[in-house]
Structures are given as structure tokens and as C-alpha cells.
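Remember, it's a predicted structure, so these values are computed and weren't measured experimentally. Chain A is the first sequence line, chain B the second, and so forth, proteins listed ahead of strands; every chain is numbered from 1.
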Amino acid sequence: MDAPPHANRTHSNDALFAYTLRLGDNCLVLAQRLSAWVGHAPALEEDIAVANVALDMVGQAQLWLALAADLEGQGRNADDLAYGRDAGAFRNLLLVEQPNGDYAKTLMRQFLFDAWHHPMLVALAASSETRIAEIAAKAAKEAAYHLTRSRDLVVSLGDGTGESHDRMQAALATLWPYTGEMVLADPVDEALAVTGAAPDLATLAAIWSDAVGATLTEATLVRPADGYAQRGGKQGVHSEHLGYMLAEMQFVQRAYPGGTW
Amino acid sequence: MYAQQIKTGARRLKSLAEMEPQERAFQEHVDAGSKIEPKDWMPDGYRKTLIRQISQHAHSEIVGQLPEANWISRAPTLERKAILLAKVQDEAGHGLYLYCAAETLGISRDQMLEQLHNGQAKYSSIFNYPTLTWADVGMIGWLVDGAAIMNQVPLQRCSYGPYSRAMVRVCKEESFHQRQGYDSLIKLCRHGTAAQKEMAQDALNRWWWPALMMFGPPDGESVHSAQSMAWKIKQNTNDELRQKFVDQTVPQADYLGLEVPDPDLRWNDARGSYDFGEIDWEEFHRVLGGDGPCNRQRLEDRVRAWEDGAWFRDGLMAHANKKADQKSLGRADAA
């Protein structure tokens, strides 16, 4: 059998570092957002579910950031990356740093992300980079559950009462401009796609679009027209929101330097 | 404790001879150490006492999410963040199965929540204290969960089956939480910087006395305590459990190198226990009565979550009803 086309190619650790940082930062930033609901969710079952999803995302962030730190080779660890970087060094999508808003916005953000995250992880489980494939395989199982949950809630609330429908529709409109970035390839994405380390984002875009379209139809929600896709998160140009989030997240580490926790 | 000062409705304890046959059979069943199950006959006072106690316990778990959740976003490492998230998730889970246990007695979760929100039902006084630093999270694990375990281990033998079985699971998780809390304090006190140790000492200064208050005032001549013990809902007096807690906890504080904020604390060789100072019961009653540092904030947070979430619960219900209607229509068409 012929070797796959990427078998003899390698890519720089820089691209891999940037890529794993993106995967880890998405998880970390979304976990941080979700955590704010714990104890304040609209039903006890949701307190549990939102904590559970946040916990999965922290776990995934730990794995990706540990790998990123290792690839970087500068002696940093996952916590150094999480707690020691300023906003401009974060590489998460703009979507996940969007403020929680009401629970409709939080759920819609989750669904739009999960519908990308799950197929992304499934594709990454076949990555030519073994360490990426291993983490992705584990994370994909969790993401499958996240997607089932957020999809079901979007359908139920879209097709629930007039108020729940309107809230979900408003959330969709607010978040839609941040979805394009997930599937807009930049040189890092392209470099990794060429070697088979990461999927081609055009393929992923089609999967995402079909899944989201079907769900929105079932939820009786109107898919917004595609306008300009807000972008910049993957390159470190974020919204104003991220700085405040990090100020809170990193406060203890910064106030007690050199501590052991 | 998570359930404090539970009223039983009793004015005095009845002897077996004074009881009607049904109640006597019930009491003999309890005396023999057998469990009471939801469908068994039970005195009205027993049912009401259990509803009060289990719902208060459940409310404590739910409100108890708040002071700890306050630090999830600021947990100092990813590992600590994960541990804290898992712990708060466990507390919500405890609340869920305690509400279920109470529902077996003929009250709904919505009714219990209404009683919490309108101030009719109480929750543990301890959750009305603020979590001001990261060390407070460790203190809650070590002291608050530690005190809760003291009370909940005997509750595993409580006469009411669903409550006792819920406690078996709760106790396993609480022990785990306590160890995690203590472990985080070991890090601060034995491996950390001077500033970190100072943070831990400050937290102990603030949590020690409220933790001792969790067990409630001395039972004294309380007919409610006596009745709860006769029904085997309660197995030990408040003072017995408090003493056990102090005896277990002081050496742990020593190991951390922290000073328990009680000038009267000393080992009593004759008793084989620690003597300790007078508890400020005025503070306890004040906090339980609504004037603790965080009572208003905690209740407002819970009420807001409930009210803001009404559209969510209504939406899910409306969707479920639509689905059920479609199903029954489908069945009618098929017939």
C-alpha cells in the first residue's frame, strides 16, 4: 500500500503549538464562562449539567495546554499558559468569549460551538500527530454528549413557548457573526491540514452548516443571513470581554506570585 | 448542621402504653432498628419532621453551592478549578436526591423551593458567611464538610429508608471533599509562602466558630431532640457531635501549623477530650434569623435564578407537551 501523502512531511512545532493552544484556549475560556452559571442556573438539573460540561472543558483544556507547553519547549506547563498569558496571547475563538447573557444565549453559544467542536474532534482523532489524535479521541466522547444536550435544548426552547422561541432567536442573531471564524482557515490551519495533522476546514464547514441548519429548522428558528464573519481570536485579537475574564481568572496567581496551590 | 433546630410538633414524649395500636406498632418497628419506607404508615409528626429536616438539608446543599461557586472562576490552578467544579456539582447532586427523598413523603420539589424562597424554610447558618479568599474554599472542605460528615454518618442509620440510603452516598462524597479541602490547606500551610499561610490562618479565624455552631445549640431539655431521637431520626446530641468534631479537628489544625482561635481550648486528660470556649449563641440565632453577613444575598441569588429561569422551565414544559400531543394524535390516527 502507498504511504499517505503526508507521511514524509513534517510541520514546524510553531504551527502545532499555535494549533493546540487554540484547542486548549477554546475549552478553557468556554469553561470559565460556563462556571459563572453554577448555582445560578434555571433548574437544579441545569446547575449539574452546566458544571459537568464546564468540568469536561477544564479537563480538555488541561490536556491541550499541557501538549502545547510541551511542543513549545520553553519549560512552561499548562497552568503557566492558563494563568500567565495576557489576552493577546490567547488563541480562542471569539465565539467562546462572548458574555453569557441570558441562559438562551449561553445555550445557543454552546450549541453553535458543540456543532463544530464535536466533528472537529472526531476528525482530529484521525490526526497524523499521535498526541493530538489521542486527546481528540477522548474529548470527542465528551463532546458528543455536549452536542446532544445543547442540540436538544435548542430544539425544545426554540419550539417551546413564544418567549423561549424569541429568546433563542435573539441569541442566534447576536452570536451568528462569530460563527464564521470557526471554519475560516488561516495559514496555521492550512499548514496542519496539508500534513494530515488537522482536518480541512472547508469539509468541516459543510458538516457544521448542515447540522446547524437541520437543528434550527426543527427548533422553528430562522437561520440568519451570513454577513461579515467577525474574526481575530485565533490570531490573538480579541473582544474587550476577554481581558476582564482573565483579570478574574488569573487574580490569585498574580496576587500571590510563587505560591503553591 | 445542615439541618438545625428541627421542630417535631411534639409537646412531650408518649410512652408505648399511651399510643394507639398503629402508632405503637410503628414505634416498636423503629425501636427494633427496622426501616420505615414511603408506603408504610407513620405518625403525622414523623412525616412532617422528616419533611422539615430533609428539605432543610436539601436547601443547604443548594444554597451551599453559592459560597464555593464564588471561587470557581478564580481557582488558582486548572486542577483546583476542576476539583472545585466537581465538588459543587456533587453538592447540587446531593440536593437533587435529597429533594427526591423528601418527595416520597408527599411534598413536591416546587413546594419546597417556594418555602425556601419565601423564607419559611431554613438552610444551614454556615452558608450565610462569605468566602473572602481562596483559603476559604479549603476551610469549607475541611471544616464545613467535616462537620457535616459528623452528623451525616449517624444519619445513614436513620429510621427513614430513603433518607438513610441517600446519606450513604452523600457521606462517601463528603469524605472525599473533606480530604480535598484539607489537601489544599496542606499546600497553603506546609508548602506555600508566608502570605499563603497567613491567608489560611485568617480563614480559620473566620470559619472556626461558625463551624462549631453548625451542630446547633445544646439539646438541653428540648422535647424536639428527644422526639427525634425516639423516632431514630437523630442518633446523637448536638454536643456529642460537636465534641467529636473538635477532638478530631484540633490535631489536624496542629499539623497545618494553624492556631485555633480559642484561648480556652486545651486538652483535658481526665475527659480524654478537648475543652473549648463558649460559643456565641447570640450570633448563631442572629444568623439563623436572617441577619448574617450574606443571608439576603444568598436568598436573592436563589430567587433570581428561579425567577429568571421561569421562561426556560416553561419552554421545556411546553415543548414536552407538544411532543406528547403529537404522539397521542399519532396514536389516534393509527387507531
Side-chain angles (χ1 to χ4, degrees), chain A residues 28 31-52 54-55 58-59 61-62 65-66 78-79 81-83 102-104 107 153 155-168 219 245 248-253 255-261, chain B residues 58 62-82 84-93 95-96 99 109 113 133-134 184 187-188 190-193 195-196 199 301-302 304-320 322-323:
Chain A
L28 177 57
Q32 187 73 4
R33 282 290 186 230
L34 292 174
S35 299
W37 279 106
V38 176
H40 305 272
L44 187 46
E45 286 80 356
E46 287 301 305
D47 278 322
I48 294 172
V50 84
N52 192 37
L55 183 55
V58 173
Q62 282 178 291
L65 293 180
D79 282 332
L81 289 175
Y83 292 94
D102 63 357
Y103 208 63
L107 285 175
L153 286 170
V155 169
S156 299
L157 295 168
D159 185 25
T161 60
E163 183 180 2
S164 70
H165 174 90
D166 292 349
R167 283 177 182 262
M168 295 308 282
M245 178 195 280
E248 183 175 333
M249 186 175 88
Q250 299 172 342
F251 150 72
V252 175
Q253 284 275 5
Y256 294 86
T260 307
W261 307 100
Chain B
I62 299 315
V63 177
Q65 292 182 95
L66 298 171
E68 294 184 278
N70 183 38
W71 280 90
I72 295 174
S73 68
R74 291 174 289 174
T77 67
L78 296 174
E79 180 75 13
R80 291 285 167 208
K81 193 187 284 289
L84 186 54
L85 267 167
K87 177 178 196 284
V88 181
Q89 186 189 9
D90 284 348
E91 311 295 359
L96 193 58
Y99 283 130
R109 201 206 304 180
L113 288 176
T133 71
W134 170 251
S184 85
K187 284 271 163 31
L188 296 186
R190 294 182 64 104
H191 304 284
T193 61
Q196 286 183 293
M199 186 201 277
D301 278 353
R302 290 306 310 162
R304 193 182 313 114
W306 184 250
E307 288 177 352
D308 287 356
W311 71 269
F312 171 88
R313 299 187 301 275
D314 292 347
L316 290 191
M317 195 61 86
H319 183 76
K322 282 182 199 177
K323 287 284 149 194

*Asks:* Would you call B/K187 and B/E79 a salt bridge, using N to O less than 4.0 angstrom?
*Replies:* no

*Asks:* Using a 3.5 Å distance criterion without hydrogens, assess whether the side chain of A/D47 forms a donor-acceptor pair with backbone atoms of A/H40.
*Replies:* yes

*Asks:* Side chain, backbone, both or neither: which part of B/R80 has a non-hydrogen atom closer than 4.5 Å to chain A?
*Replies:* side chain

*Asks:* Between B/L96 and chain A, which part of the residue has a heavy atom less than 4.5 Å away: side chain, backbone, both or neither?
*Replies:* both

*Asks:* What part of B/I62 gets closer than 4.5 Å to chain A, counting heavy atoms only: side chain, backbone, both or neither?
*Replies:* side chain

*Asks:* At their closest point, which heavy atom of A/A31 faces which heavy atom of A/A54, and how far apart are they?
*Replies:* CB-O, 3.6 Å

*Asks:* Any idea which of B/H191, B/Q196, B/K323, B/M317 has the most non-hydrogen atom pairs under 4.5 angstrom with chain A?
*Replies:* B/Q196

*Asks:* Return the set of residues passing salt bridge (charged side-chain N to carboxylate O under 4.0 Å, His left out) with A/D102 (not counting sequence neighbours), or none when no residue passes.
*Replies:* A/R167

*Asks:* Taking side chain as C-beta onward, heavy atoms only, is B/R302 less than 4.5 Å from B/Q65?
*Replies:* yes

*Asks:* Select, from A/V252, A/V58, A/L65, A/D79, the one with the greatest count of heavy-atom pairs under 4.5 Å involving chain B.
*Replies:* A/D79

*Asks:* Pick one of side chain, backbone, both or neither for A/Q32, based on which atoms fall under 4.5 Å of a heavy atom in chain B.
*Replies:* side chain

*Asks:* Considering only heavy atoms, which portion of A/A104 lies under 4.5 Å from any heavy atom of chain B: side chain, backbone, both, or neither?
*Replies:* both

*Asks:* Where on B/M199 is there a heavy atom nearer than 4.5 Å to chain A: the side chain, the backbone, both, or neither?
*Replies:* side chain

*Asks:* According to the interplanar angle, ranging from 0 to 90°, do the rings of B/W71 and B/W134 count as parallel (below 30°), tilted (30 to 60°) or perpendicular (above 60°)?
*Replies:* perpendicular

*Asks:* Name the member of B/S184, B/A75, B/G95 that forms the most heavy-atom pairs with chain A at distances under 4.5 Å.
*Replies:* B/A75

*Asks:* Among the options B/G192, B/G309, B/A69, B/P76, pick out the one with the most heavy-atom pairs lying under 4.5 Å from chain A.
*Replies:* B/P76

*Asks:* Most heavy-atom pairs under 4.5 angstrom with chain B, which of A/E163, A/Q253, A/H165, A/Q62?
*Replies:* A/Q62

*Asks:* From A/Y83 OH over to B/L78 CG, what is the distance, rounded to the nearest 0.5 angstrom?
*Replies:* 4.5 Å

*Asks:* Can you see which heavy atom on B/R74 is nearest to which on A/F251, and at what distance?
*Replies:* CD-CD2, 4.0 Å

*Asks:* Between B/D308 and chain A, with a heavy-atom cut-off of 4.5 Å, which part of the residue counts as in contact: side chain, backbone, both or neither?
*Replies:* neither

*Asks:* Using non-hydrogen atoms and a 4.5 Å limit, figure out which bit of A/A82 sits close to chain B: side chain, backbone, both or neither.
*Replies:* side chain

*Asks:* Measure A/Q250 against the heavy atoms of chain B and call it side chain, backbone, both or neither at under 4.5 Å.
*Replies:* neither

*Asks:* Atom CG of A/D166 and atom CG of A/L157: how far apart are they, to the nearest 0.5 Å?
*Replies:* 12.0 Å

*Asks:* Using a cut-off of under 4.5 Å on heavy-atom pairs, state which of A/L153, A/V155, A/L55 scores highest against chain B.
*Replies:* A/L55

*Asks:* Given the options A/A51, A/S156, A/G160, A/G158, which has more heavy-atom pairs under 4.5 Å with chain B than any of the others?
*Replies:* A/S156

*Asks:* So how far is it from B/L113 CG to A/L44 CG, rounded to the nearest 0.5 Å?
*Replies:* 8.0 Å

*Asks:* Look at B/E68, B/R109, B/E307 and state which one has the largest set of heavy-atom pairs under 4.5 Å with chain A.
*Replies:* B/R109

*Asks:* If you count heavy-atom pairs under 4.5 Å with chain A, which of B/A320, B/S73, B/G64 comes out on top?
*Replies:* B/S73

*Asks:* Check salt bridge (charged side-chain N to carboxylate O under 4.0 Å, His left out) between B/D301 and all other residues, then give those that pass, not counting sequence neighbours.
*Replies:* B/R304

